[in-house]
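In this chain, residues are counted from 1 in sequence order.
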Amino acid sequence: GMAGAAARSPLPCLLLRLLLLLLPAASAEPELRFKPPAEAPVRLFTEPELARYDGHQEGQPIYLAVKGVVFDVTSGKEFYGKGAPYNALVGKDSTRGVAKMSLDPADLTHDTTGLTEEELKSLDDIFNNVYKAKYPIVGYTSRRILNEDGSPNLDFKPEDQPHFSIKDEF
């Protein structure tokens, strides 16, 4: 009757196969200690790479960099998408434009040379209270992670990320 059916059930066999699948992962565990914490993905964006996420490609995410930090602003499509009012800012590091509240092409650059105290304060306010508060960080511009000569910048520290959780990666 029932007991015989249970013995023939494929379940124990399946469990065994699952365990075997998991074993290699378990033995690799110690290496995981050296990975950066999950809430700080460090993806490096070159300028041409960042330019691909300018909102013009249907179904592609929309990225905007401020102070070398690349934000995924896709959820703000109505502001940043193709034909939207702030679309000029995306697909590049627009730090200066954000500081000056300017969409002038000359201001759509990472360069903050000559900004006033007030503009720099405004930049930090918008960076913290708009971008960091609303949008997940997906990486950093190469300018933020590397030195001029292309070597890694040892002082680089990822931003804390109030809105990033590991599930966003998958």
Side-chain angles (χ1 to χ4, degrees), residues 31-170:
E31 289 166 50
L32 294 177
R33 280 202 306 255
F34 305 108
K35 287 209 170 76
E39 60 277 0
V42 177
R43 177 173 168 198
L44 183 149
F45 286 87
T46 60
E47 283 180 29
E49 257 188 308
L50 192 52
R52 296 211 298 262
Y53 301 95
D54 63 358
H56 287 242
Q57 204 76 31
E58 208 33 65
Q60 275 274 49
I62 306 171
Y63 293 166
L64 158 66
V66 182
K67 292 180 22 170
V69 181
V70 182
F71 294 95
D72 181 339
V73 297
T74 314
S75 64
K77 228 192 192 88
E78 67 274 28
F79 305 111
Y80 298 105
K82 187 178 181 178
Y86 303 142
N87 178 252
L89 296 170
V90 303
K92 57 179 81 78
D93 187 320
S94 294
T95 302
R96 189 183 193 84
V98 169
K100 293 179 70 172
M101 293 290 213
S102 161
L103 294 174
D104 178 331
D107 289 327
L108 303 182
T109 169
H110 66 92
D111 190 2
T112 54
T113 319
L115 289 179
T116 66
E117 276 303 305
E118 209 169 312
E119 287 166 340
L120 289 169
K121 189 188 175 318
S122 168
L123 171 65
D124 281 339
D125 285 347
I126 297 170
F127 179 77
N128 290 313
N129 304 325
V130 178
Y131 292 108
K132 275 183 73 169
K134 281 177 69 167
Y135 300 110
I137 293 172
V138 287
Y140 299 86
T141 62
S142 44
R143 195 172 267 106
R144 173 85 187 252
I145 295 186
L146 305 176
N147 296 316
E148 289 288 319
D149 64 5
S151 62
N153 169 11
L154 299 178
D155 297 327
F156 170 78
K157 298 241 181 331
E159 295 287 326
D160 54 308
Q161 294 182 49
H163 288 279
F164 179 83
S165 69
I166 187 78
K167 72 173 169 36
D168 296 332
E169 281 293 85
F170 301 110

>> Using the side chain to side chain contact (heavy atoms under 4.5 Å, CB included) criterion, which residues pair with Asp149? Sequence neighbours excluded.
In response: Asn147, Ser151
> In chain order, what residues pass the side chain to side chain donor-acceptor pair (under 3.5 Å) check against Thr95, with sequence neighbours excluded?
Replying inline: Asp93
Side-chain polar contacts of residues 44-53 - donor-acceptor pairs under 3.5 angstrom, sequence neighbours left out - could you list them?
unit_1	atom_1	unit_2	atom_2	d
Thr46	OG1	Glu49	N	3.3
Glu47	OE2	Arg143	NH1	3.1
Glu47	OE2	Arg143	NH2	3.4
Glu49	OE1	Thr46	N	3.3

> Going from NZ on Lys134 to CZ on Phe71, what distance comes out if it is rounded to the nearest 0.5 angstrom?
Replying inline: 12.0 Å
> Who passes side chain to side chain donor-acceptor pair (under 3.5 Å) against Asn87, sequence neighbours left out?
Replying inline: His56
> Between Tyr135 (side chain) and Val130 (backbone), is there a donor-acceptor pair under 3.5 Å?
Replying inline: no
>> Is the shortest side-chain heavy-atom distance between Phe156 and Pro158 below 4.5 Å?
In response: yes
>> Give me the atom names and distance for the closest heavy-atom approach of Ile145 to Arg43.
In response: CD1-O, 4.3 Å
> Are Met101 and Ile126 side-chain neighbours, meaning at least one heavy-atom pair lies under 4.5 Å?
Replying inline: yes
Give every donor-acceptor pair under 3.5 Å between a side-chain atom in residues 59-69 and any protein atom, sequence neighbours left out.
unit_1	atom_1	unit_2	atom_2	d
Lys67	NZ	Asp124	OD1	2.6

> Can you name the residues that form a side chain to side chain donor-acceptor pair (under 3.5 Å) with Asn128, not counting sequence neighbours?
Replying inline: none
Pair up each side-chain donor or acceptor in residues 76-86 with any protein partner under 3.5 Å, not counting sequence neighbours, and list the distances.
unit_1	atom_1	unit_2	atom_2	d
Tyr80	OH	Tyr131	OH	2.8

> If you look only at pairs with a residue in residues 103-112, which of them pass as a salt bridge (Lys or Arg N to Asp or Glu O under 4.0 Å), with sequence neighbours excluded?
Replying inline: Arg96-Asp107, Lys100-Asp107
>> Does this structure show an ion pair linking Lys92 with Asp54, if we count only N-O contacts that are shorter than 4.0 Å?
In response: no
> What pairs with Ser94 under side chain to side chain donor-acceptor pair (under 3.5 Å), at least two apart in sequence or on another chain?
Replying inline: none
> For the residue pair Leu115 and Ala99, what are the closest heavy atoms and their distance?
Replying inline: CD1-CB, 3.6 Å
>> Test: ring-ring contact (aromatic ring centres under 6.0 Å, His included). Region: residues 93-125. Which pairs qualify, not counting sequence neighbours?
In response: none
